[in-house]
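In what follows, chains carry the letters A, B, and so on, assigned in the order in which the sequence lines appear, proteins first and then strands, with residues in each chain numbered from 1. Every heavy atom of this structure was used, including side-chain atoms; hydrogens, water molecules and symmetry mates were not.
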Protein chains: 2
Amino acid sequence: MQSSTLDGRLLPGLTSSFPFMVAPEWSGLAIPGQPSRFLCSAEIYAEGSKIRQFHKVVSGTVRVCRVLPGGRRFIAQFALPGELLGLDGVEEHRFSAEAVTEVVLVTFARKDLDTYMDQEPLAAQSWRIFTLERLAAAPDRFILLGCRSPTEHVAHFLLDLVTRSRPVCHLLELNMSRYDISDYLGLTAETVSRVLTVLRKAGMIAIEDNHTLHLLDCGRLTEVASVSSIPAGR
Amino acid sequence: MQSSTLDGRLLPGLTSSFPFMVAPEWSGLAIPGQPSRFLCSAEIYAEGSKIRQFHKVVSGTVRVCRVLPGGRRFIAQFALPGELLGLDGVEEHRFSAEAVTEVVLVTFARKDLDTYMDQEPLAAQSWRIFTLERLAAAPDRFILLGCRSPTEHVAHFLLDLVTRSRPVCHLLELNMSRYDISDYLGLTAETVSRVLTVLRKAGMIAIEDNHTLHLLDCGRLTEVASVSSIPAGR
DNA sequence: CGGAAGGTTGACTTTCTTCAATTCCTGTGG
DNA sequence: CCACAGGAATTGAAGAAAGTCAACCTTCCG
């Protein structure tokens, strides 16, 4: 899904399963020097701040979120190792980004993006692939948020996380709190907790501790995750 | 929002308030001949079909939708005049597109996109602006779908539609049915109807007929539309 | 004129949230 | 190393809100 072919050659693209690497066609845009480090809970950028850079997560987990007028918080994205961060706006950030764990990032200059891509056709192409994929992926989340049952939504979330994490075994490291998860899914922490309990009692997952899950039956989880198990609507 | 400057010159971009026009830097990619016409309810493309083209709406309204496993339908997008259509996938369409009214489209070849943009820096840049804007806009809908109250969501929908329609007066032509609206907002038609009644009784809108609304008090509508009027959640 | 589809309204049910109480971790200091 | 404190997580009971079902009304088109 992530890579595409050009002249029969594999295009690594901007995001990659090797988070610590920057593809050669992008290295010219990376800001030189050591990757930047953020402690747990540190703010990476603030909502409303001018966008000067974007980042690639080397290690750790980042939450991209906003506090809504009523005081409620919504998390737009969890950025995992290998994924990009900081494209949540055109001129200024429309969300803030915070480190869920300790985080290491490589940084790219945003203002040089256009001139850089005019000179680097490979970079321009991998950027187009990346944006098109992301654009095409957004409606899936629309569906989850719109036609969600909490169970479907949580199950999908777990499968999504384990797919995006490198070790595709049954182990799932949940770095974020239940509150983070609920603010990402548009639910309450209580509901998330209840759903996890149901899934555990049904034997689909095992909860080693609050931040370590085992996905015991991915087949059944996938079934549960497929939207609209029951409801009618319309 | 739509246009950006390059060398002090205004970049019209790919989408524009003049739906019948194709910006000069894009004309080379447009498939020559008459714009294509679709009757009301006609299918423009099918879910799962290979993506060969994308379109710009000249006139009419298009719904981009998918029928979910349980039989429920979800509408990912309403494409209005001047807006683009057919970017709902990388290799194949992940949604189908249907004409809500009679629809006229101009068509672009998808396979020539990469080579074309390598030759046309202006086209490449307006494409980047477009995709970045769309990418940055997606989270707003996440919030609406996730933290929605039906009232907030419907009010926002009305304001969004009237903004995207040319005549920015208080008149709003609703081409789609209540079912379309509900499938777009992740609600039921009954709920949409109830909310409209509430807004009407509160004097914020007037319902001339089922497809013609007057937004009488956009200020108050905007207030209502701002997410999280009341709820706590976390 | 009549029928079918779309739209509205009402009563009822289900579901999630809310509020509250309890338990479980984690990290800190004695 | 253990005790303790504070936050995180779970669980339960009650309440609110949207969905479901059903009836009725309206509009549009043959």
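- Taking the salt bridge (charged side-chain N to carboxylate O under 4.0 Å, His left out) definition, one finds that B:Asp140 meets it with A:Arg66, A:Arg94, sequence neighbours left out.
- Distance A:Asp180 CG to D:dA8 C1': 11 Å, rounded to the nearest Å.
- Here the side chains of B:Phe38 and B:Leu105 are in contact, with some heavy-atom distance below 4.5 Å.
- The interatomic distance linking B:Leu174 (CG) with D:dT27 (C1') rounds to 16 Å, in whole Å.
- With respect to A:Asp180 and A:Arg73, a salt bridge is recorded, a charged nitrogen being found less than 4.0 Å from a carboxylate O.
- In this structure, B:Lys56 does not pair ionically with B:Glu83, as no charged nitrogen and carboxylate oxygen lie closer than 4.0 Å.
- To the nearest angstrom, P of D:dA17 lies 15 Å from CG of B:Leu187.
- A salt bridge links A:Arg63 and A:Glu98; the closest N-O separation between the charged side-chain nitrogens and carboxylate oxygens is under 4.0 Å.
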When you compare the protein's N or O atoms with those of nucleotides 7-10 of chain C, which come within less than 3.5 Å of each other, and at what distance?
residue, atom, partner, partner atom, Å
C:dG7, OP2, B:Arg178, N, 3.1
C:dG7, O3', B:Asn210, OD1, 3.3
C:dT8, OP1, B:Arg178, NH2, 3.2
C:dT8, OP2, B:Arg178, NE, 2.8
C:dT8, OP2, B:Ser193, OG, 3.0
C:dT8, O5', B:Ser193, OG, 3.0
C:dT9, OP2, B:Thr197, OG1, 2.4
C:dG10, N7, B:Arg194, NH1, 3.0
C:dG10, O6, B:Arg194, NH2, 3.3

When you look at A:Glu102 and A:Arg37, which way does the salt bridge (charged side-chain N to carboxylate O under 4.0 Å, His left out) test go after all the steps? CA-CA 7 Å; A:Glu102 188 179 311; A:Arg37 259 204 155 64; 3.2 Å; yes

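- Put simply, CG on A:Asp209 is 15 Å from C1' on D:dT10, counting in whole angstrom units.
- Computed from coordinates, the B:Asp183 CG to D:dG19 C1' distance equals 14 Å when rounded to whole Å.
- Computed from coordinates, the A:Leu213 CG to D:dA9 C1' distance equals 13 Å when rounded to whole Å.
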